[in-house]
Amino acid sequence: QVQLVESGGGLVQAGGSLRLSCAASGRIFQSYVMGWFRQAPGKAREFVAAISRSGGSTYYADSVKGRFTASRDNAKNTVYLQMNSLKPDDTAVYYCAAKEVPYYSGEMYYTEQKQYDYWGQGTQVTVSS
C-alpha cells in the first residue's frame, strides 16, 4: 500500500504559476504510475495528467496541455505538477493518484479514475481573475 500527500496549492492570480507536489510512502515508488486529477465546485472529478513509472511518458487533458507539466523524482518518491498560465477555470481541489504496475509495464499511463488504486487527500488551488 502507498500513502500520498499533496502540497503546494494556494491562491494565485490568473496568469500565475504553482507547483504541486505529491509525496509517496509505503512501497517502491517507481512501481507506480501516477496521475493528477481535479475537482471543481459542483463538478465531477476529472483527469489532468498522467506520468509513467520512469517519467518518460506523460499525457495531459486538452484543457491543460501546453500549460501544465507532470514530472517525477523517483529518488525522492515525489511527483510534481507544474502549472503555468493559470486560469480561473483551473480552480479546483487537485488530487494525485497511484497505480502499481508490474516492472515490465514499460511506459504505460492511465487516464481513468477507476484505474487508480490509491489517492491523496487533495490540495486546493484557487485562481483569481
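A donor-acceptor contact under 3.5 angstrom links the side chains of Ser17 and Asn84, judged on distance only. For the residue pair Ser52 and Glu107, a side-chain donor N or O sits within less than 3.5 Å of a side-chain acceptor on the partner.
Residues Pro88 and Ala14 share a closest heavy-atom pair of CD-CB, 4.1 Å. Minimum interatomic distance between Gly8 and Leu18 (heavy atoms only, all atoms of both residues): O-CD2, 3.8 Å. Closest approach of Ser105 and Arg53 over heavy atoms only: OG-CD, 3.2 Å. In this structure, Lys99 and Asp117 approach most closely via the heavy-atom pair CG-OD2, 3.6 Å.
Within the 4.5 Å cutoff, side-chain heavy atoms of Met83 are placed close to those of Val125. Contact of the Leu20 side chain with the Trp36 side chain is registered, since non-hydrogen atoms from C-beta on lie closer than 4.5 Å. The side-chain heavy atoms of Arg38 and Arg45, taken from C-beta on, include no pair separated by under 4.5 Å. Side-chain contact between Tyr118 and Gln1 is present, with heavy atoms from C-beta onward closer than 4.5 Å. Between Arg72 and Met34 there is a side-chain heavy-atom pair separated by less than 4.5 Å. Looking only at side-chain heavy atoms (C-beta outward), Ile51 and Val79 come within less than 4.5 Å of each other.
Under the 4.5 Å side-chain heavy-atom criterion for ILVMFWY residues, no single connected hydrophobic cluster contains both Tyr116 and Leu4. When the side chains of ILVMFWY residues are joined at heavy-atom separations under 4.5 Å, either directly or via intervening members, Ile28 and Val5 end up in two distinct hydrophobic clusters. At a threshold of 4.5 Å between side-chain heavy atoms, the hydrophobic network of Ile, Leu, Val, Met, Phe, Trp and Tyr places Val101 and Met108 in one connected group. Clustering ILVMFWY residues whenever any of their side-chain heavy atoms sit less than 4.5 angstrom apart, transitively, puts Val64 in the very cluster that holds Leu81.
Listed for the Arg67 side chain is a donor-acceptor partner under 3.5 Å among the backbone atoms of Ser85. Remark: side-chain polar atoms of Thr58 are not paired, donor with acceptor, to backbone N or O of Ala70 under 3.5 angstrom.
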For this session: Kindly determine whether Lys87 and Asp90 satisfy salt bridge (charged side-chain N to carboxylate O under 4.0 Å, His left out), including the steps that lead there.
Result: CA-CA 5 Å; Lys87 306 174 182 179; Asp90 295 319; over 6 Å; no
Problem set entry | Verdict with supporting geometry, Val93 and Thr123, side-chain contact (heavy atoms from CB on, under 4.5 Å) | CA-CA 5 Å; Val93 178; Thr123 186; 6.0 Å; no
For this session: Determine, stepwise, if the pair Thr91 / Gln124 fulfils side-chain contact (heavy atoms from CB on, under 4.5 Å).
Result: CA-CA 8 Å; Thr91 295; Gln124 176 70 47; 4.0 Å; yes
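Atom CD of Gln121 has 12 or fewer neighbouring heavy atoms from other residues, nucleotides or ligands inside a 6.0 Å radius. Around the NZ atom of Lys65, the shell of radius 6.0 Å holds more than 12 heavy atoms that belong to other residues, nucleotides or ligands.
Within the structure, ring-ring contact (aromatic ring centres under 6.0 Å, His included) contacts touching residues 60-109 (residues at least two apart or in different chains) are Tyr59-Tyr109.
Between Tyr110 and Phe47, the gap from one ring centroid to the other reaches at least 6.0 Å.
Atom CD of Glu6 and atom SG of Cys22 lie 5.0 Å apart (nearest 0.5 Å).
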